[in-house]
Protein chains: 2
Amino acid sequence: MARTSVEAERREQILEAACHVLSEIGFRSLRVSDVAKRARTSTGTVHYYFATKRDLVHAAFEYNFDHSLGRRRPILDAHEHPRDRLRAFVESYLPADEVTIRAWAVWVELWCEALHEDDLQELNERVYGEWRRIMAGVIRDGQDQGCFREGDAVVLANSLIGMIDGLAMQVLLRSRSMTVERMRAVCDAALEGLEREVRHAS
Amino acid sequence: MARTSVEAERREQILEAACHVLSEIGFRSLRVSDVAKRARTSTGTVHYYFATKRDLVHAAFEYNFDHSLGRRRPILDAHEHPRDRLRAFVESYLPADEVTIRAWAVWVELWCEALHEDDLQELNERVYGEWRRIMAGVIRDGQDQGCFREGDAVVLANSLIGMIDGLAMQVLLRSRSMTVERMRAVCDAALEGLEREVRHAS
DNA sequence: ACCGTGTTTGATCGACCAGTCAATCAGCAT
DNA sequence: ATGCTGATTGACTGGTCGATCAAACACGGT
């Protein structure tokens, strides 16, 4: 080895740029040269680390996922009580700040592309599975402690996640009828529904 | 005028083809020649009716919306009771048959593109508004008749719609943890939640 | 200093494709 | 028949962009 490897650093720099460009203009309009420019390097270098544009974007999707998950971990750890935990977790998904909005935008690109690419469907499966696993876990904890109502935790998690995805989509599209505030209200109502009725399931 | 116009017919034929291609391979991979081939015509003809590829795809998005709405009208009309109406309406959005799946796929393309195009955000606003208006109306009717629980009908509609969008997305992505059957179950649970409180009342 | 390997560059190539256009066709009127 | 105009065609052009590559560079070991 003739020099210390810069690979990890450079890859991250490029992937970060790719995510930024993706969130800004989308996969359809994304040019390798855009990513190179954003990463302050050349198209040659981008291709040195990622053989094809497809590889680059797929890696960016994965990078976006890893980062999103990483950002949530401290949020989960910060709360003891399942109710606070779930609330903080849901709150962290509201497209309220720029970082979260960008992450959502990349996410949507992944969805769109995954409709026609099996590899990406698998990535989505991993991601969605992870998220569902975490949320169902928190819900189950809460149920054990008697602070959430009974019912299949997986079904409840799926409902919540589905709702968050769908609502976030509309917020991202700047729908006048679905602002972040409104989304927060709807999520709050859903969470209250989970918390209040501590009896009969169906 | 030297001959009866074929414009309406030809436009529809091309838009139908465009939607089909969109649902099949997405906007990013869509070539004007793909649409022409699917419509059994030439690229020249496609450009005769749609100045640019962008115009074509935007028109296709609108066409997809009009059709989706048109398909729902008879479904709504077929039921008298708000509960049945809402159930049938929600059921009609499950990505269970090919037509509905294709419509959803085009829808996702619209979302994705609309993230970076103001025109399309407006289209989404119209569409989403229409859908929300219909659903909130049914819910309000049900509340007036005492068969749905109380609560802001718009918030309830938004929750339901959001959930449907998010869940449908995962179904489209062939998630193992979110099949159509599971989605139906989750939606049923949500609808029962709406209906429940009145089961034993009045 | 020199070598070897890892890294960077940007000019260049080749493929692809939206959009143009000149030519042609098809229906209707007179 | 003839002329008019809407409709259709597909070859062609101009531009774009992913990917390649030869050359240069940077670092660390010897």
Side-chain angles (χ1 to χ4, degrees), chain A residues 1-63 106 109 112-113 116-117 119-120, chain B residues 1-22 24-63 109 112-113 116-117 119-120:
Chain A
M1 231 172 292
R3 65 196 281 197
T4 60
S5 174
V6 295
E7 181 173 339
E9 185 190 0
R10 191 71 67 254
R11 279 180 67 95
E12 173 149 356
Q13 168 189 354
I14 293 170
L15 289 176
E16 154 67 31
C19 283
H20 194 276
V21 174
L22 271 177
S23 73
E24 204 81 7
I25 63 175
F27 190 5
R28 194 178 65 86
S29 308
L30 178 144
R31 310 290 162 233
V32 173
S33 61
D34 297 331
V35 176
K37 186 182 288 179
R38 170 88 204 168
R40 299 176 183 283
T41 181
S42 65
T43 63
T45 296
V46 173
H47 273 106
Y48 180 74
Y49 290 99
F50 301 94
T52 66
K53 176 179 169 180
R54 185 179 167 283
D55 287 351
L56 168 63
V57 173
H58 283 217
F61 286 149
E62 200 137 14
Y63 177 82
V106 175
E109 293 290 331
C112 198
E113 205 56 24
H116 319 102
E117 282 247 21
D119 298 4
L120 293 177
Chain B
M1 229 172 290
R3 65 197 279 197
T4 60
S5 174
V6 296
E7 180 173 341
E9 185 190 0
R10 193 69 69 249
R11 280 181 66 94
E12 173 148 356
Q13 169 189 352
I14 293 170
L15 289 175
E16 154 67 30
C19 284
H20 195 274
V21 175
L22 272 177
E24 203 81 9
I25 63 175
F27 191 4
R28 194 177 65 86
S29 309
L30 177 145
R31 312 287 162 233
V32 174
S33 61
D34 296 332
V35 177
K37 187 182 288 180
R38 170 88 203 168
R40 299 175 183 285
T41 180
S42 65
T43 62
T45 296
V46 173
H47 274 107
Y48 180 76
Y49 290 100
F50 302 94
T52 66
K53 177 179 167 179
R54 184 180 168 284
D55 288 350
L56 168 64
V57 172
H58 284 216
F61 286 148
E62 200 137 13
Y63 178 82
E109 293 290 331
C112 198
E113 206 56 25
H116 319 101
E117 282 247 21
D119 298 4
L120 293 177

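Computed from heavy atoms alone, side chains included, the values below leave out hydrogens, waters and symmetry copies. Naming: A, B, ... by sequence-line order, numbering from 1 per chain.
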Can a side chain N or O of A:Y48 be found less than 4.0 Å away from OP1 or OP2 on C:dT8? no
Round to a whole Å and report the spacing from CD of B:E9 to P of D:dA7. 11 Å
Looking at the side chain of B:E7, which of C:dA18, D:dA7, D:dA19 is the nearest nucleotide? D:dA7
Give the rounded distance in Å between these two atoms: CZ of B:R54 and C1' of C:dG19. 16 Å
Counting only side-chain heavy atoms from C-beta out, which of C:dG19, D:dA7, D:dT9 sits nearest to B:T52? C:dG19
Could you state the interatomic distance from CG (A:L15) to CZ (A:F61), rounded to the nearest 0.5 Å? 12.0 Å
Look up atom CD in A:E113 and atom CG in A:D119, then write down how far apart they are to the nearest 0.5 Å. 11.0 Å
For A:L30, which contact category applies under a 4.0 Å heavy-atom criterion: base, sugar-phosphate, or nothing? sugar-phosphate
Would you mind telling me which residue lines up with the more 5' stretch of DNA chain D, B:Y49 or A:S33, judged by nearest nucleotide? B:Y49
B:T45 side chain near D:dT9 phosphate (N/O to OP1/OP2, under 4.0 Å): yes
Between A:E117 and A:R54, is there a side-chain N and carboxylate O pair less than 4.0 Å apart? yes
Roughly, in whole Å, what's the span from NE2 in B:H47 to C1' in D:dA11? 15 Å
All heavy atoms of A:D34 vs all of A:S29, minimum pair found to be OD2-O, 3.8 Å
Rounding to an integer number of Å, can you tell me how far B:R11 CZ sits from D:dT8 C1'? 17 Å
Please walk me through it: do B:H47 and B:K53 pass side chain to side chain contact (heavy atoms under 4.5 Å, CB included)? CA-CA 8 Å; B:H47 274 107; B:K53 177 179 167 179; 5.6 Å; no
Length of the CZ-P vector between B:F27 and C:dC17, whole Å: 14 Å
Spacing of A:R40 atom CZ relative to C:dT9 atom C1', expressed in whole Å: 17 Å
Taking OP1 and OP2 of D:dG10, is either one under 4.0 Å from a side-chain nitrogen or oxygen of B:S42? no
Of the nucleotides D:dT20, C:dT7, D:dG18, which one has an atom closest to the side chain of A:T43? D:dT20
Starting at CG of B:L56 and ending at P of C:dG19, how long is that distance when rounded to a whole Å? 10 Å
Nearest to the side chain of B:K53 - C:dT7, C:dG19, D:dG18? C:dG19
Separation of atom CZ in B:R28 from atom P in D:dC17, rounded to whole Å: 14 Å
Output yes when at least one side-chain N/O atom of A:R10 is less than 4.0 Å from OP1 or OP2 of C:dT8, else no. yes
When all nucleic acid strands are considered with a 4.0 Å heavy-atom cut-off, which category describes B:F50: base, sugar-phosphate, or nothing? nothing
